[in-house]
Amino acid sequence: MKTLVIGASTNKERYSYKAINNLIAKSHQVVAIGAKKGMVLDIPIETEKLDFHAIDTVTLYLNPKGQKEYYDYILSLKPRRVIFNPGTENEEFYKILKAHQIAFEESCTLVLLATNQY
């Protein structure tokens, strides 16, 4: 299963950084997009919306305003689900995802991984 982390950061204090580390620790494939290029372990953080293939899950670390520019991009990837981490809840995007039959949940990627529910 491949996960796309949107809002990725090289800052070790950020939850997106911790999520990438924990996903890798649990043997998940990870790709990442952030505001600045960088690396988390051996995962490059891209700044462009690349055509990633076989994305199972998109996990968001962007506030609702920042998510708008990613709506069409995320839909184009046809993920199985989108995870809205705390602070990223977005009713507008929920409706769009529902209309495209893409599952979504308000949850915390770190908690899902820690409790083996990911």
Side-chain angles (χ1 to χ4, degrees):
M1 290 195 321
K2 191 185 294 181
T3 298
L4 169 58
V5 177
I6 297 181
S9 172
T10 57
N11 180 341
K12 292 182 168 125
E13 302 301 311
R14 294 262 184 211
Y15 289 112
S16 62
Y17 180 94
K18 294 174 184 180
I20 292 170
N21 273 281
N22 290 8
L23 284 161
I24 290 167
K26 296 264 187 176
S27 300
H28 291 277
Q29 287 183 295
V30 181
V31 289
I33 295 177
K36 292 184 235 160
K37 280 192 176 282
M39 297 287 286
V40 176
L41 299 177
D42 62 346
I43 305 300
I45 298 175
E46 304 294 345
T47 55
E48 295 177 28
K49 299 175 184 91
L50 300 180
D51 187 20
F52 294 116
H53 294 283
I55 297 295
D56 176 77
T57 302
V58 173
T59 185
L60 293 172
Y61 291 94
L62 285 178
N63 65 37
K65 189 176 163 207
Q67 292 169 25
K68 279 187 186 294
E69 70 173 284
Y70 288 95
Y71 289 0
D72 290 339
Y73 173 66
I74 291 169
L75 295 175
S76 77
L77 296 173
K78 297 182 173 57
R80 179 177 61 86
R81 68 175 171 170
V82 176
I83 297 173
F84 289 83
N85 288 280
T88 67
E89 299 86 353
N90 183 344
E91 292 291 334
E92 179 183 62
F93 199 15
Y94 298 165
K95 290 176 184 153
I96 294 167
L97 291 168
K98 194 176 270 187
H100 288 84
Q101 286 97 40
I102 296 172
F104 60 89
E105 58 187 284
E106 290 178 3
S107 197
C108 175
T109 297
L110 295 172
V111 171
L112 292 173
L113 287 164
T115 57
N116 293 317
Q117 296 179 69
Y118 194 84

> In chain order, what residues pass the salt bridge (charged side-chain N to carboxylate O under 4.0 Å, His left out) check against E69, with sequence neighbours excluded?
Replying inline: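 If we apply the salt bridge (charged side-chain N to carboxylate O under 4.0 Å, His left out) test to E69, skipping adjacent residues, the hits are K49.
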> Can you name the residues that form a salt bridge (charged side-chain N to carboxylate O under 4.0 Å, His left out) with K37, not counting sequence neighbours?
Replying inline: E46
> Can you tell if the side chain of I55 reaches within under 4.5 Å of the side chain of I74, non-hydrogen atoms only?
Replying inline: no
> If we only count heavy atoms from C-beta on, is the L41 to I20 side-chain gap below 4.5 Å?
Replying inline: no
Nearest-0.5 Å distance, [atom1] of residue [X] to [atom2] of residue [Y]:
| X | Y | atom1 | atom2 | value |
| --- | --- | --- | --- | --- |
| L97 | I102 | CG | CD1 | 5.5 Å |
| N22 | L110 | CG | CG | 5.5 Å |
| L4 | I83 | CG | CD1 | 11.5 Å |
| S16 | L62 | OG | CG | 9.0 Å |
| T3 | L113 | OG1 | CG | 8.0 Å |

Residue list, side chain to side chain donor-acceptor pair (under 3.5 Å) with [X], at least two apart or on another chain:
| X | result |
| --- | --- |
| N90 | Q67, Y71 |
| T57 | R81 |
| D56 | R80 |

Name all pairs fulfilling the salt bridge (charged side-chain N to carboxylate O under 4.0 Å, His left out) condition that reach into [range], sequence neighbours left out, sorted by first residue then second.
| range | answer |
| --- | --- |
| residues 108-118 | none |
| residues 8-32 | none |
| residues 107-118 | none |

Nearest heavy atoms of [X] and [Y], plus distance in Å:
| X | Y | result |
| --- | --- | --- |
| G38 | T10 | CA-CG2, 3.8 Å |
| L50 | L77 | O-CD2, 4.3 Å |
| A35 | T47 | O-CG2, 3.7 Å |
| A32 | A8 | CB-CB, 3.7 Å |
| L112 | E105 | CD1-OE1, 3.9 Å |
| V30 | I43 | O-CD1, 3.6 Å |

Side chain to side chain contact (heavy atoms under 4.5 Å, CB included) partners for [X], two or more places apart:
| X | result |
| --- | --- |
| E89 | Y94, E106 |
| S27 | none |
| S76 | Y73 |

Can you get from [X] to [Y] by hopping between Ile, Leu, Val, Met, Phe, Trp and Tyr side chains that sit under 4.5 Å apart?
| X | Y | result |
| --- | --- | --- |
| V82 | V31 | yes |
| V40 | I6 | no |
| M39 | I33 | no |
| Y15 | Y17 | yes |

>> If you count heavy atoms of other groups shown closer than 6.0 angstrom to CZ of F93, is the number above 12?
In response: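 Count over threshold, so yes.
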> So which pairs with a foot in residues 28-70 pass ring pair (Phe, Tyr, Trp, His ring centres under 6.0 Å), sequence neighbours left out?
Replying inline: H28-Y118
